[in-house]
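Treat the numbers as computed from the prediction; the structure is a model and nothing was measured. Below, chains carry the letters A, B, ... as their sequence lines are ordered, and counting in each starts from 1.
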Number of protein chains: 2
Amino acid sequence: MSKQFPLNALRVFEAVARHLSFTKAGEELGLTQTAVSYQVKLLEDTLGEVLFLRQPRRIQLTDAGQRLAPKVSDGFDLLRAAVSEMQGSADATLTIHATSTFASHWLARHLGIFQLDNPTLAVRLETSQEVIDFSRTEADLAIRVGKGDWPGLRSHFLMRNHFTPMLSPKLAATIGTIKEPLDLLKLKIIDPSDPWWKIWFTASGHPDAPLEYQSRSRLGAQAVEAAAAMAGHGVAILRPEFYQDDVAMGRLVQPFSLTCEDGSHYWLVYPQSRRHTAKIRAFRDFLKKALPDFDANPFDGTQ
Amino acid sequence: MSKQFPLNALRVFEAVARHLSFTKAGEELGLTQTAVSYQVKLLEDTLGEVLFLRQPRRIQLTDAGQRLAPKVSDGFDLLRAAVSEMQGSADATLTIHATSTFASHWLARHLGIFQLDNPTLAVRLETSQEVIDFSRTEADLAIRVGKGDWPGLRSHFLMRNHFTPMLSPKLAATIGTIKEPLDLLKLKIIDPSDPWWKIWFTASGHPDAPLEYQSRSRLGAQAVEAAAAMAGHGVAILRPEFYQDDVAMGRLVQPFSLTCEDGSHYWLVYPQSRRHTAKIRAFRDFLKKALPDFDANPFDGTQ
DNA sequence: TTCAATGCATCAACTCTCTTGATCCATGCA
DNA sequence: TGCATGGATCAAGAGAGTTGATGCATTGAA
């Protein structure tokens, strides 16, 4: 079965053997009668066997052709089945990669609706902080934070990413009321090297707020910082919408209404080439319904 | 399984899945690594599924690929088997078309040797007077009389065709001895419209011998005329070598040693495209050994 | 008998798929 | 650190495969 062997000719032969007509077979395959004739002859030449007897207005399988035809049909049936089955079962699982923050604070809440709408689709949710590479990881789609400009990938805007300081009410109580942004500096900043802090203090009118840049690296995930904040270990800078529950439960407070952005937002992302897949379409449609700003342009004037 | 589906890509995928290497698969198939890469991507695009995870120095099947690979292998195994089995069994039968004259007077005598040399080959001998068309009849090769110039066919000279009057000794006795060609005209000429008579009489010095051209058409087969001659119904004009047995048995006599030709000779003939088939090669070799003049040029000077 | 319809073969021209070779990049190993 | 391995990417090119026109033989209907 080396590259020499004309597989396409074999496929054509199979169709011709079924129809016993070059023309009909051509129609089935979307070929002209000429092409069919050519392919059959090509196959006959490589096999060294005549497969059809050309009688005036009809063709007929030779003994050789008769022996070959059913087995070739079986072979192609198997291939067809293999392919469609593979596609079927692959379609049955949707693998989503998301940051743990988004997964736990947004997806967890909304995925139920998607699953109700798509009962046959098993969802596999993988969380990772890294930006996954679709060619190296088995994932159908991903939720990423960034600018939406990833080459080779299709991206849809999901929601803006903004942030504001948050801390546990208990910790806040230790310094009385928090009136002024600079008050926060009396407390421990959980990750002062996070550029978000610089942005926020600048926006609040304190571009020179003293932040200890030298300290530990980012904890890596907003969720971890949030947990630390809830535990009263310090002040975190978070996306407030993700923690409304915790605010309601009294685990966190948002002392200032000022929120800032750094230009990175949440995006749905998947490989260009797979944009027409049913399951991807389904998830895209779900997000479109669930998110008012889906596919909006975060960079136009209307903030 | 329409023409859209890249069958070749599937074949490439099968090889890659076995080797787990684009390069190795390429070597097996006689392709460059680039081509393999292209084909795999093509297949992935049409399926809408990633089949391999590209890790730095190795690749790995995805779930989808893992499901697909074994079934595709099975499918190709089936096709491979179908093809080789067909070829095998087709190679096991050699169908020869010959004129009944040649079949009964030459082949019948010599075919035994061929079958001893090729015990696995079943020989099917079909006799017919018509010049068969290989595209309309199931035949591997044919023995024909003619000039050896059939388009699309390969032909090998077998033996000259020449002829001389022959008759039963009993019939000859009815007019005493036969000394002179014209003596034959005292007897019934079995098929006087046969152009061979005209040629022979002319060669014997009697271009004006009165032959009843108007009479019945040729009996069609030399064998039939020979039978008539043996039965004493008249004089036939035959290829003497074919009837040496009958001469020996006293059924026929050849009154004159003069033999003539009409430019047509015996040829082995088969489709160009099948010249490399094992069974055709075998039969050709057999004739080469059995016939001293095999593949000689009957038209050169050396008669 | 003649005429129209059907179906395959043939031919030349072209298209576009597929292949090649060069180059690049990342990783693993010495 | 430097080399070998293995895959991706790119531009260029070849050639397999298609197409459409045409021809031929047969069948069936008028």
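With a cutoff of under 4.0 Å to any heavy atom of chain B, the contacted region of DNA chain C is bounded 5' to 3' by C:dC18 to C:dG28.
In this structure, A:Ser84 has no side chain to side chain contact (heavy atoms under 4.5 Å, CB included) partners at least two apart in sequence or on a different chain. The side chain to side chain contact (heavy atoms under 4.5 Å, CB included) test applied to B:Ala282 returns B:Phe114, B:Asn118, not counting sequence neighbours. Scored by the salt bridge (Lys or Arg N to Asp or Glu O under 4.0 Å) test, A:Asp77 finds A:Arg80 as partners (sequence neighbours excluded). A:Glu27 meets the salt bridge (Lys or Arg N to Asp or Glu O under 4.0 Å) test with no other residue; sequence neighbours excluded. Residues meeting the salt bridge (Lys or Arg N to Asp or Glu O under 4.0 Å) test with A:Arg18, sequence neighbours left out: A:Glu14, A:Glu28. In this view, B:Asp295 satisfies the salt bridge (Lys or Arg N to Asp or Glu O under 4.0 Å) rule with no residue, not counting sequence neighbours. Qualifying side chain to side chain contact (heavy atoms under 4.5 Å, CB included) partners for A:Leu78, counting only residues two or more places apart in sequence or in other chains: B:Asp74, B:Leu78.
Of the residues in residues 33-41 of chain A, those placing a heavy atom less than 4.0 Å from an atom of DNA chain C are A:Gln33, A:Thr34, A:Ser37, A:Lys41, in numerical order.
For the OP1/OP2 pair of D:dG6 and a distance below 4.0 Å, the side-chain nitrogens and oxygens of B:Arg54 include no atom meeting the criterion.
In this structure, the CD atom of B:Gln60 is 13 Å from the P atom of D:dG7, given to the nearest Å. Rounded to whole Å, the distance from CZ on A:Arg58 to P on D:dA25 is 19 Å. B:Leu51 places its CG atom 15 Å from the P atom of D:dG7, with the value rounded to the nearest Å. Taking atom NE2 of B:His19 as the reference point, atom C1' of D:dT5 lies 17 Å away to the nearest angstrom. Atom pair B:Glu27:CD and D:dG7:P shows a separation of 10 Å (rounding to whole Å applied).
The residue among A:Ser21 and A:Asn8 whose nearest nucleotide of DNA chain C is located toward the 5' end is A:Ser21.
Look at B:Lys71 and A:Glu85 and you find a salt bridge, because one of the NZ, NE, NH1 or NH2 atoms lies within 4.0 Å of a carboxylate O, short of that distance.
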After noting the C-alpha distance and the side-chain angles of A:Phe102 and A:Tyr266, does the key distance pass the ring pair (Phe, Tyr, Trp, His ring centres under 6.0 Å) rule? CA-CA 9 Å; A:Phe102 188 85; A:Tyr266 281 94; 5.2 Å; yes
With a 3.5 Å cut-off and sequence neighbours excluded, list the donor-acceptor pairs that the side chains of residues 142-155 of chain A form with protein atoms.
| unit_1 | atom_1 | unit_2 | atom_2 | d |
| --- | --- | --- | --- | --- |
| A:Arg144 | NH2 | A:Ile132 | O | 2.4 |
| A:Ser155 | OG | A:Gly148 | O | 2.8 |

Pairs of donor and acceptor atoms involving the side chains of residues 37-44 of chain A, under 3.5 Å and at least two apart or interchain, shall be tabulated with distances.
| unit_1 | atom_1 | unit_2 | atom_2 | d |
| --- | --- | --- | --- | --- |
| A:Glu44 | OE1 | A:Arg54 | NH1 | 3.3 |
| A:Glu44 | OE1 | A:Arg54 | NH2 | 3.2 |
| A:Glu44 | OE2 | A:Leu51 | N | 2.7 |
| A:Glu44 | OE2 | A:Phe52 | N | 3.2 |
| A:Glu44 | OE2 | A:Arg54 | NH1 | 2.9 |

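Over its length, the helix from C:dT1-D:dA30 to C:dA30-D:dT1 turns its helix axis by 30°, as judged from the five terminal pairs at each end, rounded to 10°.
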